[in-house]
Amino acid sequence: MSDSDDDMPLAQRTHKPAAEGSDDEDDRPLAHRQFTHKPSANGNTAAAAPIGTTTSTAVSVSRPATADATDLNGWDSSSSDDIPLAQRKKALVAQKSQATQPKGQKAKPVAKDIANREGKRKRQDEAPKGRQAPSKKTKALDDAPPRKKRVANPASQGAKEEDKEIKWEKLRHAGVLFPPEYVRLPSNVKMLYDGQPVDLTEEQEEVAQMFAIMKETDYMRKQLFLDNFWNDFKKVLGKDHVIKGLKKCDFTPMYDHAMAEREKKKALSKEEKLAIKQKKEADEAKFKYAQVDGRTEQVGNFRVEPPGLFRGRGEHPRMGKVKSRIYPRDITINIGMEEPIPEHPYPGQQWKEVRHDKTVTWLAFWKEPIVRRTSSMCGWLPNSTFKSDSGLGQNHVDDIRKMYEKDWDSKDTQRQQMGCALYFIDQLALRAGHEKDEDEADTVGCCTLKVENVECMPGDHIKFDFLGKDSIRYENEVVVHPKVYALIKKFCQHSANNKPKKPEDQLFETMDATDLNKTLKDLMDGLSVKVFRTYNASITLDRLLWEPSDSEVIDAKKADYDRANKEVAILCNHQRAVPKGHAGQMEKLSERMHKLNEELLELQHELKASEKGKAYGDKKRRDPERVHAAIDAKKAVIAKAEINARVKDDLKTVALGTSKINYLDPRITVAWCKRNEVPMEKIFNKTLVTKFFWAMDVDPDFKF
DNA sequence: CACTAGACTTGGAATAATTTTG
DNA sequence: CAAAATTATTCCAAGTCTAGTG
């Protein structure tokens, strides 16, 4: 039965009743739940069931009997007392009673001149990013003095300019660990060109080897990957090389060699493996910790990335390019003034620069050669205060909702678009969606949605279909407020200045993520689009975990938690590819089930025989009592296996980890563990326990 | 005010380590 | 006890968002 979910996009799955029917309305993430209440302004009360829900019981569970018939959605600002909101409010009372004064209707920035904005976009379109060679500009900026940082203290408004946030006074560390040098292949391992072995220089061989090991990956079927690689390989080969193209290249010998090496490594004895591991740890030891103001802090990432081929996700324009080796001359070191400058294993080379910048937490950084705009770096592990505890409390949420609801009625298109965008962000936990360059994968977020990404269906349904971060597909069909529906329909058809839109045009052409963030920031300090994602994730988990459960044993309780976790993951569209071998594993499980069922049948036969006082088959006769017991045990095993298989299949496309690590306030989890007497370690692994140590003494009654 | 470098955060896949199972 | 399954960790890519600049 659970197979029925297979073809359903993750984001949509909560709209379906669970196979066993226990998944009633209360199990839905809030956002989805609200969406699924069809406003009955159209008198269509009977159809107010959540999308795809066939059991009518689900509908009424959380709705107040007295609910205003026009306000099932809860969007009308005049009625913030619909149940979901009320639930949230209740959950917040204990904690957030001190919440800062809402600034709700404080002056918002005057909507920008649309024509102006349109002009900007137009310019962009016409002159597609001549993205000038970055070197010049970059160089200049690299050498610029460290920038100032303001202290994030609203009280010091006046003196802001003068303040810098000093992150450390003393900083000592050992620098970075370089990847091992390239080791040449044995002379009998050579790639073939047109069937003939080819001699390569060390540099050429290294690049060839990078490609060789990708032999069995999907990238080999991507022309872009091959083209990009060939372009870079060609450069290393130089002019007039015998190798004229990839077509006639055969890297099999190199690939086989690499695989053989891997096998060899695997086959090492336990002792040898241990020795290697200890050697590695010894090499890394001195890089692992930094001394920060006398404290020892763990360094987040001290490894310099090894060279390799760039593997972009989705259709990344630069996939297959060679990511060259990073040397000290590429790296800027940041360290305390009096401390010894870190050493490196490249005699004759200098660090690019040594700084003593107290306002940043990184220890070293370099430019990533392919994706230029980002630099890799390493700093110490943050002491992990939960970043998302932005103070976005219920008061603010209500204010913000009122604000964006009001914007739907604005005469100003930009306000309307902002209102709709925020609504989506709040309800669907979409990402902001900043503008991207041509040479990046073509993915979108809320503010960069294109007309072709949304489809207006009858009955105020909107269907989303787009590639989000990491080219993960987001597919979801939701019921929206009629006002939003009308607006979106309009935005799909023509722009603010009444020009018809093409499918690839921006849905919200008058605004972008920065505008939205500015508005939010004016509403409340520290508020930005991404806060909604975190907030919604945490509040959802909190709500689900406060739901009563009759689970007795730890395992069942853990299953409860995982279920809640899963809801959050679905809300955030944390999707993963179906794990390799999943089908095979499922098959095995069903085989096992089959076998178990046969065994059960056997036992039942035995029982009959036993009751007649006979032996069954060639076995000794057992007491009916005993056989009964065996049957019960078998049944339990079968039930467990069944659940196991279903959960497994259920979660095959859901990635739980991300939300656990990044979105969910650990205090919610810790408090739940305490209430339910579940040991922490069942939920958080060792690293997470460490990371969240600060949350461990939370009150069991903590509510988000 | 537009633009972007720089500093964080957040992601899924790959790989390694550990536990469970047959 | 080896193979398989599960879980933890590493890897490295790709988002968000703001301060500073010209």
Side-chain angles (χ1 to χ4, degrees), chain A residues 112-113 116-117 119-120 123-124 131 134 137-138 140-142 144-150 152 160-161 164 167 217 262 265-266 273 277 300-301 303 305-306 308 310-314 316 318-319 323 332 357 359-362 365 367-368 370-377 379 382 384 387-388 431-437 440-441 443-445 447-448 468-472 512-514 516-518 520-521 526-531 533-534 537 569 572-577 579-582 584-585 588-589 592 595 644 648 653-659 661-663 684-688:
Chain A
K112 261 182 238 157
D113 177 8
N116 199 1
R117 164 74 65 179
K120 173 187 139 197
R123 269 201 311 283
Q124 272 182 3
R131 201 185 169 80
K137 203 163 185 180
T138 303
L141 274 154
D142 280 350
R147 58 194 238 236
K148 294 177 181 178
K149 264 208 156 174
R150 289 181 315 167
K160 251 181 192 174
E161 263 59 39
K164 280 186 211 180
K167 303 278 175 54
T217 66
R262 191 177 290 180
K265 221 169 132 191
K266 248 193 224 161
K273 277 185 185 163
K277 198 179 157 194
N301 167 35
R303 259 176 264 269
E305 273 183 35
F310 178 77
R311 304 146 97 119
R313 298 204 211 287
H316 195 115
R318 306 177 82 87
M319 64 167 82
K323 223 169 36 165
T332 301
D357 185 350
T359 65
V360 295
T361 63
W362 52 265
F365 91 92
K367 290 265 176 230
E368 208 287 319
I370 305 288
V371 193
R372 300 169 308 267
R373 63 191 177 77
T374 49
S375 55
S376 304
M377 61 193 125
S384 185
K387 298 292 191 299
S388 79
R431 296 188 185 83
H434 289 84
E435 315 259 338
K436 296 183 77 182
D437 273 344
E440 295 174 88
T443 61
V444 304
C447 297
T448 43
K469 182 181 176 183
D470 292 306
S471 294
I472 301 281
D512 63 21
T514 314
L516 208 50
N517 275 334
K518 247 177 246 159
L520 290 175
K521 204 183 168 211
L527 188 60
S528 65
V529 170
K530 72 187 285 238
V531 170
R533 233 170 117 78
T534 333
C572 293
N573 202 42
H574 288 147
Q575 267 192 307
R576 61 170 183 176
K580 253 188 219 149
H582 175 86
Q585 284 177 15
K588 259 185 206 165
L589 281 179
R592 181 152 174 262
K595 217 174 110 197
N644 203 333
K648 186 171 188 147
T653 59
V654 187
L656 294 186
T658 303
S659 45
I661 294 169
N662 295 316
Y663 284 105
F684 287 154
N685 63 37
K686 208 177 69 210
T687 352
L688 287 183

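Heavy atoms only: backbone and side chains are in, while hydrogens, waters and symmetry mates are out. Predicted model, so just to flag it, every value in this text is computed and none were measured.
- Listed nucleotides dG12(B), dC12(C), dG11(B) differ in distance to Arg533(A); the shortest reach to its side chain belongs to dG11(B).
- For the pair Gly314(A) and Lys686(A), both in contact range of DNA chain C, the more 5′-proximal nearest nucleotide belongs to Lys686(A).
- Comparing dA4(C), dT16(C), dG11(B) against the side chain of His574(A) picks out dG11(B) as the nearest.
- Within the structure, every side-chain polar atom (N or O) of Lys469(A) is placed at least 4.0 Å from both OP1 and OP2 of dT16(C).
- One finds a side-chain N or O of Ser528(A) lying less than 4.0 angstrom from the OP1 or OP2 phosphate oxygen of dC17(C).
- Residue Asn517(A) places its side chain closer to dC17(C) than to any other of dG11(B), dC17(C), dG15(C).
- Summary of the strand contacts: Val529(A) and Phe684(A) both lie near DNA chain C, and taking for each the nucleotide with the nearest heavy atom, the more 5' one is attributed to Phe684(A).
- Note that CE of Met319(A) and CZ of Arg313(A) are 11.5 Å apart. Values are rounded to the nearest 0.5 Å.
- One can place CG of Leu656(A) at 14 Å from C1' of dG11(B), the figure rounded to the nearest angstrom.
- Side-chain nitrogen and oxygen atoms of Trp362(A) include at least one within less than 4.0 Å of the OP1 or OP2 phosphate oxygen of dA7(B).
- In this structure, Lys648(A) reaches the dT6(C) phosphate: one of its side-chain N or O atoms is under 4.0 Å from OP1 or OP2.
- Residues passing the side chain to side chain contact (heavy atoms under 4.5 Å, CB included) test with Leu516(A) are Met418(A), Ala421(A), Leu422(A), Ile425(A), Cys447(A), Met511(A), Val529(A), sequence neighbours excluded.
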How does protein reach along nucleotides 14-22 of chain B, written 5' to 3' as B (base within reach of a heavy atom under 4.0 Å), S (only sugar-phosphate), or - (no contact)?
---S----S
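- If you check every strand for non-hydrogen atoms under 4.0 Å, Arg431(A) touches sugar and phosphate atoms only.
- Nearest to the side-chain atoms of Lys588(A) among the listed nucleotides dA4(C), dC17(C), dA13(B) stands dA4(C).
- Side-chain contact between Asn517(A) and His434(A): present, with at least one pair of heavy atoms (C-beta onward) separated by less than 4.5 Å.
- Residue Thr514(A) places no side-chain N or O under 4.0 Å from the OP1 or OP2 atom of dC17(C).
- When distances are taken from the side chain of Lys521(A) to each of dA14(C), dG12(B), dA19(C), the shortest belongs to dA19(C).
- Residues satisfying the salt bridge (Lys or Arg N to Asp or Glu O under 4.0 Å) criterion with Arg311(A), sequence neighbours excluded, are absent altogether.
- Whole-Å rounding puts the Lys436(A) NZ to dA5(B) P distance at 16 Å.
- Applying the 4.0 Å criterion to OP1 and OP2 of dG11(B), one finds that Tyr663(A) has a side-chain N or O inside that range.
- Counting non-hydrogen atoms under 4.0 angstrom, Ala441(A) reaches nothing in the nucleic acid.
- For dA13(C), the OP1/OP2 oxygens have no side-chain nitrogen or oxygen of His316(A) closer than 4.0 Å.
- Between the C1' atom of dG12(B) and the CZ atom of Arg576(A) lies a distance of 10 Å, rounded to the nearest Å.
- Distance NE2 (His582(A)) to P (dT6(C)): 11 Å, rounded to an integer number of Å.
- Nucleic acid contact class of Gly433(A) (heavy atoms, under 4.0 Å, all strands): sugar-phosphate only.
- Residue Pro306(A) is in sugar-phosphate contact alone, with no base atom involved, counting any heavy-atom pair closer than 4.0 Å across all strands shown.
- A sub-4.0 Å separation between OP1 or OP2 of dA14(C) and a side-chain N or O of Thr443(A) is absent.
- Using a 4.0 Å heavy-atom cutoff across all strands shown, Gly308(A) reaches no nucleic acid atom at all.
- Looking at the side chain of Asn662(A), the nearest of the listed nucleotides dT10(B), dA5(C), dT18(C) is dT10(B).
- When the P atom of dA7(B) is taken as reference, atom CG of Asp357(A) falls 8 Å away, rounded to whole Å.
- Phosphate contact (OP1/OP2 of dT10(B), side-chain N/O of Lys530(A), threshold under 4.0 Å): present.
- Results of the side chain to side chain donor-acceptor pair (under 3.5 Å) test with Thr443(A) over Lys469(A), His316(A), Lys436(A) single out Lys436(A) as the only residue that passes.
- Contact annotation: Asn685(A) side-chain N/O to dT7(C) OP1/OP2 distance is not under 4.0 Å.
- Distance from the side chain of Arg303(A) is smallest for dC11(C) among the nucleotides dT18(C), dC11(C), dA5(C).
- The nearest whole Å value for the distance from the CZ atom in Phe310(A) to the C1' atom in dC11(C) is 13 Å.
- Ile472(A) has its CD1 atom 16 Å from the P atom of dA13(C), to the nearest Å.
- Put simply, Gln585(A) has a side-chain N or O that comes within less than 4.0 Å of OP1 or OP2 on dT6(C).
- Listed for the Asp512(A) side chain is a donor-acceptor partner under 3.5 Å among the backbone atoms of Thr514(A).
- In this structure, NZ of Lys323(A) is placed 9 Å from C1' of dA13(C), rounded to the nearest angstrom.
- The NZ atom of Lys530(A) sits 13.5 Å away from the CG atom of Leu520(A) when rounded to the nearest 0.5 Å.
- In this structure, Thr448(A) OG1 and Glu435(A) CD are separated by 7.0 Å, a value rounded to the nearest 0.5 Å.
- Taken from CZ in Arg431(A) to CG in Asn573(A), the straight-line distance is 7.5 Å, to the nearest 0.5 Å.
- From Thr653(A), atom OG1 reaches atom CZ of Arg576(A) across 7.5 Å, with rounding to the nearest 0.5 Å.
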